[in-house]
Enquirer: 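The structure that follows is given in the form of structure tokens.
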Amino acid sequence: MNEASTIFALSSAPGRAGVAVIRVSGPAAQQALEMMTGPLPKPRFAAYRTIKHPTTGEALDRAVVIWFKAPSTETGEDIAEFQIHGSRAVIAAILSALGKIAGCRLAEPGEFARRAFENGKLDLAEIEGLADLIDAETDAQRRQALAQTAGSLSKIYESWRTRLIEIAALTEAAIDFSDEGDVSASSFAEARKRAASLQKEVAAHLDDRHRGEILRDGFRVALLGPPNAGKSSLLNVLARREAAIVSAEAGTTRDVIEVRLDLAGLPVIVSDTAGIREAASDIEREGIRRSLAAARDADLVLWLTENSESIPPLSFSRETSLEIRSKQDLGFESEISGLAISAKTGAGIDQLIAEIARRAHAAVGTGTEPALTRARHREALENALKDIGAFLSGPADAIELRAEDVRRAAHALGRITGRVDVEDVLDQIFSRFCIGK
């Protein structure tokens, strides 16, 4: 990446719209705005201008422009924003015109966010929250992503990293004052005391049943049961459209069909699966294998059946499964104690939706505490926890190795936000213990 280059891109959704937004970021942003619209407007004030081609002077559009002066901008660089009419022709003309200005080029994917990170405007966890906010489909996802973008997770991880740096400083001091036994021993004892407290906090944060990841990716519900149990009909009712083929012929569903729903503000992914029975063909056997795989990956399995003779082939707990008596409009008698529904008449559907939503809410929690949202964060925290454990359990006489344990733990946490600096340890040592005097 050329750090001196100025980048531009369409920041609003592509396609025909009432308004489109094109942003320019970098050292040539001021030049681009002046060449295409005339004198700079007052920073952060909208100005209505004629946008002209920088070389031919041809009028391209009449629109609103805004000037943002570095460093108080999204990327930390000068930014020009064109709020233009959202036709494909206008968008193409202005993007082409910007490409004619020396030093300006089209941005690469994610490059605006990357520059924000490089200029200290956002850390990696906040940038991931921004990506989740853009992709949010439900209100709960929006709230979680917005909190992460605002630094809810970063504040926790940075505070932990700061404490690890302090623990590292205490450990390094124990090494440097090893000839003074009392000072060295008390310093290392204090380091281990602080590490033990931190270990409990990190472990508790990890022990969250993946609630943040479930909210981000969706609460997964698998519809299982024998052929013609009404799984596809139920999927269509939940989706409010013909998402799956419904037929009286057994074995119609051969592959897993997924629909994404918004239930009570939570993202729910419902999977229709092939009927569970003794397969008659290789294709059907593969469909059943995929059905069982979907069930194992699901947060909730709904076992649909018309009678009590169809027993689920897998063992599921009460927390992760629910038996459904389907086709109750046909008047089937059943000893199953599960919820009775009819996809045809709608009987029991509202109760089923409410139960799915209740279980989804239970899985993601109240949302009052910041939650892990990505496997990358979980892996880094698990590595940090392992290194803290090594620091606490390793031989005290190998103190240089214990210092390395702490450094590795701090580095693992720093990788989450992207703020990793070995000089932090030196700063702590000099400020706290006056090494060298």
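If you're wondering where the values come from, they're calculated on a predicted model, not measured in any experiment.
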Enquirer: Listed by chain and number, what are the side chain to side chain donor-acceptor pair (under 3.5 Å) partners of Asp78, not counting sequence neighbours?
Expert: none
Enquirer: What's the shortest heavy-atom distance between Leu381 and Val202, and which atoms?
Expert: O-CG1, 4.1 Å
Enquirer: Quick one: does Gln351's side chain get under 4.5 Å of Leu339's, heavy atoms only?
Expert: yes
Enquirer: Hey, are the side chains of Val221 and Ile269 touching, using non-hydrogen atoms and a 4.5 Å cut-off?
Expert: no
Enquirer: Between Glu74 and Lys121, does any NZ, NE, NH1 or NH2 come within less than 4.0 Å of an OD or OE carboxylate oxygen?
Expert: no
Enquirer: The criterion is side chain to side chain donor-acceptor pair (under 3.5 Å); which residues satisfy it with Arg220, sequence neighbours excluded?
Expert: Glu258
Enquirer: Can you find a pair of side-chain heavy atoms, one from Ile416 and one from Leu124, that are under 4.5 Å apart?
Expert: no
Enquirer: Keeping the roles fixed (side chain from Ser393, backbone from Gly389), state whether a donor-acceptor pair exists under 3.5 Å.
Expert: yes
Enquirer: Strictly below 4.0 Å, N to O, side chains only: are Asp208 and Arg378 in salt-bridge contact?
Expert: yes
Enquirer: Is any side-chain heavy atom of Lys52 less than 4.5 Å from a side-chain heavy atom of Thr50?
Expert: yes
Enquirer: Please check if atom NE2 in His85 has more than 12 non-hydrogen atoms from other residues, nucleotides or ligands closer than 6.0 Å.
Expert: no
Enquirer: For Leu153 and Pro370, work out which heavy atoms get closest and say how close.
Expert: CD2-CB, 3.7 Å
Enquirer: Could you go step by step and tell me if Ile101 and Val24 meet the side-chain contact (heavy atoms from CB on, under 4.5 Å) rule?
Expert: CA-CA 12 Å; Ile101 298 174; Val24 185; over 6 Å; no
Enquirer: I need the minimum non-hydrogen distance between Gly38 and Arg49, along with the two atoms involved.
Expert: C-NH1, 4.0 Å
Enquirer: Atom CD1 in Ile66, atom CZ in Phe82: separation rounded to 0.5 Å?
Expert: 11.0 Å
Enquirer: Check whether Ser12 reaches the backbone of Ala20 with its side chain - one donor and one acceptor, N or O, closer than 3.5 Å.
Expert: no
Enquirer: Thinking salt bridges, do Arg163 and Glu158 make one under a 4.0 Å N-O criterion?
Expert: no
Enquirer: So, the side chain of Lys231 versus the backbone of Leu302: is there a donor-acceptor pair under 3.5 Å, distance only?
Expert: no
Enquirer: Which pair of heavy atoms, one from Ala295 and one from Leu224, lies closest together, and at what distance?
Expert: CB-CD2, 3.7 Å
Enquirer: So, do Asp139 and Arg142 sit near enough that their side-chain heavy atoms are less than 4.5 Å apart?
Expert: yes
Enquirer: Under the criterion side-chain contact (heavy atoms from CB on, under 4.5 Å), I'd like the reasoning laid out for Leu164 against Ile388: C-alpha separation, chi angles, the key distance, then a yes or no.
Expert: CA-CA 9 Å; Leu164 280 169; Ile388 294 171; 4.1 Å; yes
Enquirer: Do side-chain atoms of Ser326 reach the backbone of Ala229 as a donor and acceptor pair under 3.5 angstrom?
Expert: yes
Enquirer: Only counting residues at least two apart or in another chain, list the ones meeting salt bridge (charged side-chain N to carboxylate O under 4.0 Å, His left out) with Glu382.
Expert: none
Enquirer: Between Lys200 and Leu198, is there a side-chain heavy-atom distance shorter than 4.5 Å?
Expert: no
Enquirer: Could you tell me if the ring centre of Phe117 sits under 6.0 Å from that of Phe112?
Expert: no
Enquirer: Using a distance-only test with no angle check, is there a side-chain donor-acceptor pair under 3.5 angstrom linking Thr373 and Glu213?
Expert: no
Enquirer: Between Leu263 and Phe219, is there a side-chain heavy-atom distance shorter than 4.5 Å?
Expert: no
Enquirer: Checking the side chain of Arg194 only, and the main-chain atoms of Glu166 only, is there a donor and an acceptor separated by less than 3.5 Å?
Expert: no
Enquirer: If the threshold is 4.0 Å, N to carboxylate O, is there a salt bridge linking Arg376 and Glu128?
Expert: yes
Enquirer: If you count the non-hydrogen atoms of other residues, nucleotides and ligands that lie under 6.0 Å from CD in Glu34, is the total more than 12?
Expert: yes
Enquirer: Taking Arg408 first and then Asp405, would you say they form a salt bridge - that is, a charged N and a carboxylate O separated by under 4.0 Å?
Expert: no
Enquirer: Name all residues meeting the salt bridge (charged side-chain N to carboxylate O under 4.0 Å, His left out) criterion together with Glu126; count only those two or more places apart in sequence or in a different chain, and write none if there are none.
Expert: none
Enquirer: With sequence neighbours excluded, tell me which residues meet side chain to side chain donor-acceptor pair (under 3.5 Å) with Gln83.
Expert: Glu81
Enquirer: Considering residues at least two apart in sequence or located in another chain, which fulfil the ring-ring contact (aromatic ring centres under 6.0 Å, His included) criterion with Trp160?
Expert: Tyr157, His205
Enquirer: If we check side chain to side chain donor-acceptor pair (under 3.5 Å) with Ser154, which of these qualifies: Asp123, Thr417, Thr149?
Expert: Asp123
Enquirer: Just how far is it from atom CG of Asp350 to atom CD1 of Ile341, taken to the nearest 0.5 Å?
Expert: 11.5 Å
Enquirer: Just how far is it from atom CD of Gln141 to atom CG of Asp262, taken to the nearest 0.5 Å?
Expert: 8.0 Å
Enquirer: Could you tell me whether Arg115 and Glu118 have a side-chain N and a carboxylate O separated by less than 4.0 Å?
Expert: no
Enquirer: For a quick test of reading the model, state the closest non-hydrogen atom pair linking Ala28 to Cys104 and the distance between them.
Expert: CB-SG, 4.1 Å
Enquirer: Which distance, rounded to the nearest 0.5 Å, do you find between the OG of Ser271 and the CG of Leu223?
Expert: 7.5 Å
Enquirer: Begin with the C-alpha distance, continue with both residues' side-chain angles, and end with the deciding distance and a verdict on salt bridge (charged side-chain N to carboxylate O under 4.0 Å, His left out) for Arg407 and Glu404.
Expert: CA-CA 5 Å; Arg407 282 193 290 268; Glu404 180 61 21; 3.1 Å; yes
Enquirer: What are the two closest heavy atoms between Val64 and Ala46, and how far apart are they?
Expert: CG1-CB, 3.6 Å
Enquirer: Assess whether side-chain contact (heavy atoms from CB on, under 4.5 Å) is satisfied between Trp67 and Ile79, documenting all intermediate values.
Expert: CA-CA 6 Å; Trp67 168 243; Ile79 290 182; over 6 Å; no
Enquirer: Look up atom CG in Asp299 and atom CZ in Arg359, then write down how far apart they are to the nearest 0.5 Å.
Expert: 11.5 Å
Enquirer: For a quick check under 3.5 Å, do Asp272 and Ser232 share a side-chain donor-acceptor pair by atom type?
Expert: yes
Enquirer: With side chains defined as the heavy atoms from C-beta onward, is the minimum distance between Arg44 and Ser72 less than 4.5 Å?
Expert: yes
Enquirer: Roughly how far, to the nearest 0.5 Å, is OG1 of Thr37 from CG of Leu60?
Expert: 11.5 Å
Enquirer: Taking NZ, NE, NH1 and NH2 as the nitrogens, is one of them in Arg216 or Asp135 under 4.0 Å from a carboxylate oxygen of the other?
Expert: no
Enquirer: Do Leu392 and Arg402 pass the side-chain contact (heavy atoms from CB on, under 4.5 Å) test, and can you show the C-alpha distance, the side-chain angles, and the key distance before you say yes or no?
Expert: CA-CA 8 Å; Leu392 290 170; Arg402 304 293 73 79; over 6 Å; no
